[in-house]
Amino acid sequence: MAAASHVPVLIDPLIAAVSPIAGTWLDGTFGAGGYARALLDAGAEHVIGIDRDPLAHEMAVWAREDPRLTLVQDTFSSLDSHGQALQGVVLDLGVSSMQLDQAERGFSFQSDGPLDMRMSQEGPTAADILNGATEEMLADILYHYGEERASRRIARAIVAARPLKTTAELTAIVERCLPRPKPGQSHPATRSFQALRIAVNAEYGELAKGLTAAERALAPGGALAVVTFHSVEDRMVKRFMQSRSGQTGGPSRHAPVVESAPPAFEIVTKKAVGPTPEEVARNPRARSAKLRIARRTDAPAAAIDPASIAMPIVKGLNS
Ligand SMILES: C[S@@+](CC[C@H](N)C(=O)[O-])C[C@H]1O[C@@H](n2cnc3c(N)ncnc32)[C@H](O)[C@@H]1O
């Protein structure tokens, strides 16, 4: 089993921005428990830790022994069924270092393994999608979920090479479709692996549902803090916080006047908070991290249309 080697990202600015901390908090992406532990150390009386990955639970030995922690194996889209009247909800999106480091999980193009990529270790794998989807759907996944501009070329090459079994096979296909990276540029397979992982785990649907679940679960004054790692998910969090705090731009003067609902959040971080150069030097994974925080008001919770927060949708794929 891999060692618990995940270094928490942006944890100091997060704790500083939401302090003073008290009452019950929910950590929807428990991972190695770095956020949960920091919340307890900073004054939380109880933390509910959710992770969909059975590995995170197997490794959470210290957490099982701490009576202030309740661990739940589930997705954070239904976090409101595990806690109510919360003082805070934290989400640290994406994969953990433990998941990336285990070649057999298939998350990384840096080591060869089966094309799996399932955080929950159940449901269709990356291989199922790569070998079963139409060329058009594959191109849409790469383009909309990974912002890969060579999506059509890569999708055509994948279909020509099917069936694919290993991460090394996928990496080699992407490398053949794209120019060699210049010094300082990321590996050409980065965006394709990200896109597939997002598709396998329905990550954008999870995020849209998780944000609205947090709105239902937070007490008035409670904090919602979200750390993202790429522009699509950061845009979704930003749009959600803007729209639910009433900052959606002025209505058109031609539009009919509609009574607007009272804002459910107040934005705390006017601009996203990024890592300091020292944090990036210590932990390169923090390079693209962005933290956004909003505080719940006492207005009633409401549903949102995922399109209104710029959630990319791929036709025919479960999200
Ligand atoms: C970046 S890591 C979190 C690390 C954690 N903050 C720490 O300090 O150790 C993300 C974790 O969230 C989990 N995860 C991602 N999406 C999830 C979802 N929709 N529901 C529940 N867990 C999820 C992953 O399995 C992974 O363990």
Side-chain angles (χ1 to χ4, degrees), residues 1-15 18 25-42 44 47-63 69-83 88-102 105-108 116-123 145 194 197-214 217 225-230 233-234 236-237 275 279 282-291 311 318-319:
M1 190 188 294
S5 57
H6 185 92
V7 181
V9 169
L10 292 178
I11 189 67
D12 293 339
L14 188 155
I15 295 290
V18 298
W25 283 62
L26 186 144
D27 176 355
T29 50
F30 183 80
Y35 278 32
R37 199 195 293 257
L39 289 168
L40 289 170
D41 289 347
V47 173
I48 301 160
I50 298 181
D51 203 293
R52 69 196 295 186
D53 189 345
L55 173 74
H57 294 265
E58 262 173 55
M59 296 180 65
V61 180
W62 70 270
L69 247 163
T70 306
L71 282 180
V72 183
Q73 190 179 326
D74 199 356
T75 49
F76 60 61
S77 51
S78 47
L79 66 86
D80 55 328
S81 62
H82 301 294
V89 169
V90 293
L91 299 175
D92 174 21
L93 301 176
V95 273
S96 67
S97 304
M98 289 105 70
Q99 290 166 327
L100 281 172
D101 290 348
Q102 284 201 310
R105 302 294 300 272
F107 285 111
S108 174
D116 188 319
M117 301 194 191
R118 297 168 304 168
M119 292 180 191
S120 304
Q121 301 187 21
E122 57 185 32
Y145 290 2
Q194 175 192 302
R197 192 201 79 209
I198 288 167
V200 168
N201 297 289
E203 287 180 41
Y204 292 147
E206 271 295 310
L207 178 56
K209 289 178 208 151
L211 294 170
T212 48
V226 189
V227 173
T228 63
F229 289 89
H230 57 84
E233 59 188 17
D234 179 56
M236 286 177 64
V237 175
E279 177 165 4
R282 244 186 0 255
N283 182 12
R285 216 181 67 83
R287 199 180 45 238
S288 49
K290 283 185 177 167
L291 162 69
M311 175 175 137
N318 245 351
S319 57

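Numbering of ligands and ligand atoms starts at 1, following listing order.
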Note to self: Between Arg285 and Phe229, is there a side-chain heavy-atom distance shorter than 4.5 Å?
What the structure shows: yes
Between Asn201 and Ser120, the two heavy atoms sitting closest are OD1-N, 4.4 Å
Quick one: table the atom pairs, ligand 1 N or O against protein N or O, below 3.5 Å, distance rounded to 0.1 Å.
residue	atom	partner	partner atom	Å
ligand 1	6 (N)	Asp92	OD2	2.7
ligand 1	8 (O)	Gly34	N	3.1
ligand 1	8 (O)	Tyr35	N	3.3
ligand 1	9 (O)	Ala32	N	2.9
ligand 1	9 (O)	Gly33	N	3.2
ligand 1	9 (O)	Gly34	N	3.3
ligand 1	19 (N)	Glu206	OE1	2.8
ligand 1	20 (N)	Phe76	N	2.9
ligand 1	22 (N)	Arg52	N	3.2
ligand 1	25 (O)	Asp51	OD1	2.8
ligand 1	25 (O)	Gln99	NE2	2.8
ligand 1	27 (O)	Asp51	OD1	3.4
ligand 1	27 (O)	Asp51	OD2	2.7

Side chains of Ile15 and Asp41: closer than 4.5 Å at any heavy-atom pair?
no
Taking every heavy atom of Val237 against every heavy atom of Leu211, the minimum-distance pair comes out as CA-CD1, 4.3 Å
Rounding to 0.5 Å, atoms CG (Leu91) and CG (Asp27) come to a distance of 8.0 Å
How far apart are the C-alpha atoms of Arg282 and Val7, what are their side-chain angles, what is the distance that settles it, and do they pass the side chain to side chain contact (heavy atoms under 4.5 Å, CB included) test?
-> CA-CA 9 Å; Arg282 244 186 0 255; Val7 181; over 6 Å; no
